[in-house]
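The structure appears right after this line, and notes come after that.
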Amino acid sequence: MRQSMSLALSLFAMAACEQSYEPDVPMMTTTEMNTSLDRVEQTLSQDHPKALSGLPSSVKAAFAQARAEVQFPKSVDEFSFVLSAAMATLGDSHTSLAVQADRQTDFGIVDLPLVWLKEGLVVKKDLGPLRKGDLIVSIGQRVPSVLLADLRRVIPSENDDFVRARAAELLVRSDYLRYLGVLGHGVVSVSVERNGVQLDLRLSLRPAPQVVESPVPFVRYEIDLAHSLGVLSLDACTHNDLFEQTLQQFMTEVARNRIQKIAIDLRQNRGGDATVALSFLRYIPKMYSAFSVELRSSADLLKQNPAFASDAYVQALAAFGVDAKLPSYTIPAPAIAALLSSSLPTVDPSLLYSGKLYVLTGPQTWSSANLFTLLVKDNQLGQQVGESIGNEANFYGQQLSFELSGTHFLFHSASSRNIRPNPKLPNDRAVVPDVEVPLLRSDVLRDRDPVRAIKLEAALPFKPGERRLAGRVQREDGTVTEVTMLAR
């Protein structure tokens with residue numbers, strides 16, 4: 001206790017000596033806020049697939065409640081949470097607010113690098129007085145479970161895995177810290193548990209830096225000859241020349257070294273273009289079914305995506321018996337496969353792969369990365385390993401983007417619903433791995449990746465089914481991890 005108090009007093013003195021930082025946040029009038037609420041509600045009514053017959057009554061009620069909350073001026077950030085709470089009632093993580101790309105520096109941040117595990121909220125790297133593996137006891141005297149309950153209201157989502165993943169990133173930002181009531185005079189108090197001792201720290205707000213592009217390529221690969229394993233890491237579903245070149249190089253190395261196992265690492269992938277999945281599946285000599293898409297063909301969709309109104313697109317869908325001039329229609333799986341594959345070249349037959357296939361996932365896996373996973377999983381081409389995905393199995397997508405006047409935010413509306421390749425399977429709230437390997441606090445402490453450390457062949461005999469069996473997997477360092485396996 002003496003050590004805890006001493007450190008707390010020392011850090012308090014350090015914080016007191018620093019000049020506190022508070023970003024300027026513009027105010028909005030009642031008229032401006034009501035105008036924004038009207039615009040967003042009207043846009044959702046016109047564009048969102050869930051509003052084909054009008055917005056659900058629960059969403060209408062949420063916007064009515066939002067109007068009741070803006071009878072007096074509020075800051076832009078305060079208003080953003082009123083609006084987010086209304087939008088969140090759609091239960092769609094693609095329909096949300098986002099900060100404009102050139103306005104990221106409008107916020108203050110605290111140095112609080114977090115990951116939200118099943119065990120709790122954990123510091124993921126050493127930074128300032130924090131040490132990797134520190135367990136967050138409270139932020140601003142509010143425990144993580146209470147923070148999570150408040151964040152659920154304003155982070156549009158389909159499951160808690162997504163909320164926790166987003167919350168770990170957003171808890172550093174001044175607008176979220178104010179919303180949660182834990183920021184005072186540019187300082188946040190944080191209590192952590194380290195080696196059984198509680199430490200009380202104070203972290204000061206600082207200006208948010210410019211966002212810089214990561215020097216790590218979004219697509220890269222490794223060949224592990226010792227375990228006959230090739231790992232293709234894909235941090236975004238971006239279909240471009242770099243992707244195609246890297247994929248071909250990877251499959252060439254796999255064939256040259258007679259690799260028996262391939263793992264596609266999608267754990268940091270938040271989607272993009274599902275063409276990348278079909279591009280990879282060219283190398284798998286097995287039949288598969290694509291996903292289908294229920295599309296709402298609104299004026300906004302056609303304005304932002306003119307290709308949906310092109311003669312070539314209309315004629316291509318007509319060949320599958322689909323009238324693309326209707327206000328809403330379903331693009332069947334064969335049509336999706338034909339449309340997305342039309343520009344893909346054939347592959348060298350010598351590079352076709354018939355070995356074992358795994359897709360590595362986590363709560364950051366989202367949107368088109370979810371579709372990639374489901375293409376492999378539902379068609380029984382391979383297995384999903386890691387943690388649950390931050391989307392439902394059937395989820396809304398095809399985001400439309402709109403500027404929100406007088407703010408530093410954009411708002412997004414989904415315009416389609418993606419249906420999993422095997423529509424007979426349930427619409428799971430989260431796509432659960434065949435072999436669950438959770439990231440643990442002990443892994444964070446040791447800088448260890450538990451998914452990459454396991455011997456993937458341990459997952460081989462198991463396919464999705466109705467029974468769960470407790471299992472143990474031995475890692476390369478000799479340690480043993482408890483996992484859950486879905487058995488036949």
Side-chain angles (χ1 to χ4, degrees), residues 20-48 51 54-92 95-100 102-110 139-142 146-157 163 166-167 170-189 204-205 207-208 401-413:
S20 62
Y21 169 76
E22 288 277 4
D24 292 328
V25 184
M27 299 296 291
M28 295 184 74
T29 67
T30 297
T31 300
E32 289 172 331
M33 291 185 286
N34 275 298
T35 299
S36 293
L37 287 169
D38 290 345
R39 184 184 177 214
V40 173
E41 184 175 18
Q42 182 179 15
T43 301
L44 296 180
S45 298
Q46 295 171 345
D47 295 332
H48 201 282
L55 282 172
S57 57
S58 59
V59 179
K60 290 181 179 178
F63 273 90
Q65 175 61 34
R67 290 185 181 90
E69 295 179 21
V70 296
Q71 296 181 19
F72 300 96
K74 289 181 180 291
S75 72
V76 166
D77 291 348
E78 288 174 317
F79 172 66
S80 74
F81 291 106
V82 173
L83 178 55
S84 288
M87 297 174 73
T89 56
L90 275 166
D92 167 22
T95 298
S96 61
L97 291 184
V99 180
Q100 296 178 30
D102 60 348
R103 303 293 294 273
Q104 301 285 341
T105 56
D106 287 3
F107 303 93
I109 61 168
V110 292
I139 299 177
Q141 299 185 342
R142 304 189 75 199
V146 173
L147 296 174
L148 183 61
D150 282 347
L151 289 167
R152 281 194 194 104
R153 291 185 60 251
V154 295
I155 297 179
S157 67
V163 176
R166 289 291 289 137
L170 297 172
L171 276 170
V172 304
R173 228 167 66 186
S174 54
D175 55 337
Y176 277 83
L177 295 170
R178 283 198 198 91
Y179 161 73
L180 294 167
V182 298
L183 180 64
H185 303 291
V187 176
V188 179
S189 61
S204 296
L205 206 63
S401 298
F402 308 87
E403 286 192 10
L404 196 59
S405 179
T407 77
H408 35 222
F409 294 102
L410 301 170
F411 72 93
H412 299 305
S413 172

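- A search for side chain to side chain donor-acceptor pair (under 3.5 Å) contacts involving Thr35 returns nothing, not counting sequence neighbours.
- Here the OG1 atom belonging to Thr30 is positioned 4.5 Å from the CE atom belonging to Met33, to the nearest 0.5 angstrom.
- The two atoms that bring Gly108 and Pro23 nearest to each other are N-CG, 3.7 Å, heavy atoms only.
- Between Pro156 and Ser96 the shortest heavy-atom distance is CG-CB, 3.9 Å.
- In this view, Thr95 and His48, Asp92 satisfy the side chain to side chain donor-acceptor pair (under 3.5 Å) rule, not counting sequence neighbours.
- Under the side chain to side chain contact (heavy atoms under 4.5 Å, CB included) criterion, Thr407 pairs with Met28, Val76, Leu404, Phe409, not counting sequence neighbours.
- Interatomic distance, CG of Leu177 versus CG of Asp77, reported as 11.0 Å (0.5 Å rounding).
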Practice item. Determine, step by step, whether Gln100 and Asp106 satisfy the side chain to side chain contact (heavy atoms under 4.5 Å, CB included) criterion, reporting the C-alpha distance in whole Å, the side-chain angles of both residues, the deciding distance to 0.1 Å, and the verdict. Key: CA-CA 10 Å; Gln100 296 178 30; Asp106 287 3; over 6 Å; no
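- Scanning both residues, Ser157 and Val163, for their nearest heavy atoms gives OG-CG2, 3.2 Å.
- Note on residues 24-40: pairs passing salt bridge (Lys or Arg N to Asp or Glu O under 4.0 Å), not counting sequence neighbours, are Asp38-Arg67.
- In this structure, CG on Leu90 lies 6.0 Å from CG on Leu44, to the nearest 0.5 angstrom.
- One distance of note links CD of Gln42 with CG of Asp47; it measures 9.5 Å at 0.5 Å rounding.
- For the salt bridge (charged side-chain N to carboxylate O under 4.0 Å, His left out) test, no residue two or more places apart in sequence or in another chain qualifies with Arg153.
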Show every donor-acceptor pair shorter than 3.5 Å between a side-chain atom in residues 55-64 and any protein atom, with sequence neighbours excluded, or say none if there are none.
none

Practice item. Take Leu205 and Leu183 through the test side chain to side chain contact (heavy atoms under 4.5 Å, CB included) and record every step on the way to the result. Key: CA-CA 9 Å; Leu205 206 63; Leu183 180 64; 4.0 Å; yes
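- Not counting sequence neighbours, the partners of Glu403 by the side chain to side chain contact (heavy atoms under 4.5 Å, CB included) test are Leu410.
- Put simply, the side chain of Glu78 gets close to the backbone of Ser75: a donor and an acceptor are under 3.5 Å apart.
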Check your understanding: Step by step, would you call Leu83 with Leu37 a side chain to side chain contact (heavy atoms under 4.5 Å, CB included)?
Key -> CA-CA 7 Å; Leu83 178 55; Leu37 287 169; 3.8 Å; yes
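- In this structure, the side chains of Ser80 and Val154 stay at 4.5 Å or more apart for every pair of heavy atoms.
- In this structure, OG in Ser84 is found 9.5 Å from CG in Asp175, a value given to the nearest 0.5 Å.
- Shown here are the ring-ring contact (aromatic ring centres under 6.0 Å, His included) partners of His412, two or more places apart in sequence or in another chain: there are none.
- Listed here is the closest heavy atom pair of Ala208 and Ile109: CB-CG2, 3.9 Å.
- In this structure, the side chains of Ser174 and Phe107 come closer than 4.5 Å at one or more pairs of heavy atoms.
- One finds the CD1 atom of Ile139 at 12.5 Å from the CD atom of Gln141 (value rounded to the nearest 0.5 Å).
- Proximity of Ser36 to Phe79: side-chain heavy atoms (C-beta onward) are separated by under 4.5 Å at one or more points.
- Residues passing the ring-ring contact (aromatic ring centres under 6.0 Å, His included) test with Phe81 are Tyr176, Tyr179, sequence neighbours excluded.
- Side-chain contact between Pro73 and Thr29 is absent, with no heavy atoms from C-beta onward closer than 4.5 Å.
- The ring-ring contact (aromatic ring centres under 6.0 Å, His included) search around Phe411 returns Phe402, not counting sequence neighbours.
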**Study point:** Criterion side chain to side chain contact (heavy atoms under 4.5 Å, CB included) on Leu171 and Leu180, from CA distance to verdict
**Key:** CA-CA 9 Å; Leu171 276 170; Leu180 294 167; 3.4 Å; yes
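- The side chain to side chain contact (heavy atoms under 4.5 Å, CB included) search around Gln104 returns Val99, Val211, not counting sequence neighbours.
- Here Glu22 pairs with Arg178 under the salt bridge (charged side-chain N to carboxylate O under 4.0 Å, His left out) rule; sequence neighbours left out.
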